[in-house]
Amino acid sequence: MKKSIALGLAAMMTIGLAGCGSSSEPAANDTAAASAATSTATSAAAEETAAASEAAPAETAAPVEGDTPTIAFVGKVEGQPWWDNVKKSVEEWGAETGVNVTYQAPAEVDATAQVQIMTDLVNQGEIDALLFSPNDPDACEAICKEAREKGIICIATEASGMTNVDYDIEAFDEAGLGAFLMDELAKQMGEEGEYVTMVGSLTMESQNNWADAGIARQQEAYPNMKYLDERVVDDSDADIAYNKTKELIQKYPDLKGILGTGSFDAPGAARAIREMGLTGQVFAISVAMPSEVQDYLSDGTLQSVGLWDAGVTAKAMLNLAVQMHQGTEVGSTVDLGIDGYNDCSVNGTVIVGNGQIAITADNVDEWVAIGL
């Protein structure tokens, strides 16, 4: 199970994101699916996260004192809103902390070009830490091995299957995101009524594991809700999600909720709900791009969708690089000094935060304004 969690948001990046089909699923996910049904700790974390700030983060980092590293951050691609936001966050962090950090990324989603950037940075011998989100984790192993042999700290995200990194930081695990989505849906449904699940494909492990975790959360916390034991597949297509939603509503007259996990689920379902005049009666949620659901959130067809801010994850990675450079040891938990990453669990080299957030009518415009 090593397919990138980030691939759940197809429109955000230019690789096959809707399919959760990369080769780098966070390793935290390997155990999350098995424990989702019984993880009280994860459910509690999801509740905490659901109540957290729902606005685009605007934290200010404090200047770093003492010995500071020279850091390079390598993103997946230049010129895409998701990664432009990461670049902006990295540059803001550098300005606020006074730490020397540079950001580079290939012009296209190209593993070879990305590895070449990393290779050049390592061979220049001027950096203390290399941070990155790989287009192909396997392709990055050799240069990361070389970097670490030279004493360079290597920190990744969306690459927990890698062996030649010091740590991989993930915004959440599967159980946490599934529980989070269910908590949001339950709130909208008044914690009662019938619901179904929707995914892009039955072969997309992350999306199905998120759905399973959502069901487990419902069974644990919302006894007045009823799962209709139907998982709908929309082939990662909003038009199919739209048509499937109309069919579901006709099939189940008392249907009240749709727990989606793919980025096309909520937009497609919302279109059907609005057209059928069922706003406020049938509710849907999934992860989604803010720009794709802005109108539905604004008119109340949708109440919320799930998201995480990769720019905040990047700041957590940068904070960890400073801690490691200054000799701080990472234990079974770690505080990376930023909301959603204050009490991260550590499992081997994988660090997992609670970075999922709710996009609502109150904050969607802020996210759209930054291009998401």
Side-chain angles (χ1 to χ4, degrees), residues 8 18 20 33 36-37 43 46 50 174-175 177-288 292-293 295-297 299-306 358-361:
C20 294
S43 297
E174 287 177 340
L177 182 64
F180 171 79
L181 292 172
M182 174 51 70
D183 286 340
E184 286 293 307
L185 181 63
K187 180 169 59 178
Q188 296 163 26
M189 293 174 59
E191 301 185 8
E192 62 181 11
E194 299 175 349
Y195 75 98
V196 298
T197 55
M198 184 178 288
V199 296
S201 165
L202 295 179
T203 63
M204 294 176 182
E205 281 185 288
S206 285
Q207 291 190 19
N208 284 275
N209 289 338
W210 295 345
D212 289 343
I215 295 167
R217 173 64 171 159
Q218 175 265 306
Q219 292 173 344
E220 171 194 349
Y222 307 112
N224 293 326
M225 292 176 64
K226 179 183 179 183
Y227 178 48
L228 294 175
D229 198 23
E230 178 151 356
R231 181 153 301 175
V232 181
V233 175
D234 63 16
D235 296 331
S236 298
D237 186 313
D239 288 335
I240 295 177
Y242 159 76
N243 287 317
K244 292 282 189 179
T245 299
K246 291 197 297 183
E247 293 172 8
L248 285 167
I249 291 170
Q250 293 169 355
K251 182 177 180 180
Y252 301 111
D254 295 325
L255 182 69
K256 196 173 180 180
I258 298 172
L259 178 72
T261 55
S263 62
F264 298 99
D265 303 346
R271 179 180 158 202
I273 291 168
R274 175 195 277 171
E275 284 189 7
M276 298 177 77
L278 295 174
T279 296
Q281 300 176 56
V282 178
F283 305 90
I285 192 170
S286 71
V287 294
E292 294 293 322
V293 294
D295 290 345
Y296 296 124
L297 289 169
D299 72 8
T301 305
L302 293 176
Q303 302 297 309
S304 64
V305 294
I359 304 300
T360 69

Side chain to side chain, [X] and [Y], heavy atoms closer than 4.5 Å:
X: Asp265; Y: Ile258; value: no
X: Leu302; Y: Ile285; value: no
X: Thr197; Y: Thr261; value: no
X: Tyr222; Y: Met189; value: no
X: Leu297; Y: Ile359; value: yes
X: Tyr195; Y: Ile215; value: yes
X: Val233; Y: Lys244; value: no

Atom [atom1] in [X], atom [atom2] in [Y]: separation rounded to 0.5 Å?
X: Asp239; Y: Arg271; atom1: CG; atom2: CZ; answer: 5.0 Å
X: Ser236; Y: Met204; atom1: OG; atom2: CE; answer: 3.5 Å
X: Glu275; Y: Lys246; atom1: CD; atom2: NZ; answer: 6.0 Å
X: Phe264; Y: Asp234; atom1: CZ; atom2: CG; answer: 8.5 Å
X: Arg274; Y: Thr279; atom1: CZ; atom2: OG1; answer: 7.5 Å
X: Tyr242; Y: Met276; atom1: OH; atom2: CE; answer: 9.0 Å

Query raised in the report: Hey, are Arg231 and Asp212 close enough for a salt bridge, meaning a charged N less than 4.0 Å from a carboxylate O?
Result: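 Yes, this pair counts.
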Query raised in the report: Does a salt bridge link Glu230 with Lys251, judged by any charged N lying under 4.0 Å from a carboxylate O?
Result: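 Answer for the salt bridge query: yes.
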Residue pair [X] / [Y]: nearest heavy atoms and the distance that separates them:
X: Glu191; Y: Asn224; answer: O-CB, 3.4 Å
X: Ala284; Y: Ile273; answer: CB-CD1, 4.1 Å
X: Ser304; Y: Gln188; answer: OG-NE2, 2.9 Å
X: Ala213; Y: Ala175; answer: CB-CA, 3.7 Å
X: Met198; Y: Ala241; answer: SD-CB, 3.9 Å
X: Thr301; Y: Ala270; answer: CG2-O, 3.3 Å

So, the side chain of [X] versus the backbone of [Y]: is there a donor-acceptor pair under 3.5 Å, distance only?
X: Asn208; Y: Ser201; result: yes
X: Gln218; Y: Met225; result: yes
X: Gln207; Y: Gly200; result: yes

Query raised in the report: When Val196 is tested against each of Leu248, Leu259, Thr245 for side chain to side chain contact (heavy atoms under 4.5 Å, CB included), which residue passes?
Result: Leu248
Query raised in the report: How far apart are the C-alpha atoms of Glu247 and Val232, what are their side-chain angles, what is the distance that settles it, and do they pass the side-chain contact (heavy atoms from CB on, under 4.5 Å) test?
Result: CA-CA 10 Å; Glu247 293 172 8; Val232 181; over 6 Å; no
**Report entry** Evaluation steps, side-chain contact (heavy atoms from CB on, under 4.5 Å), between Val287 and Trp210
**Finding:** CA-CA 10 Å; Val287 294; Trp210 295 345; 4.3 Å; yes
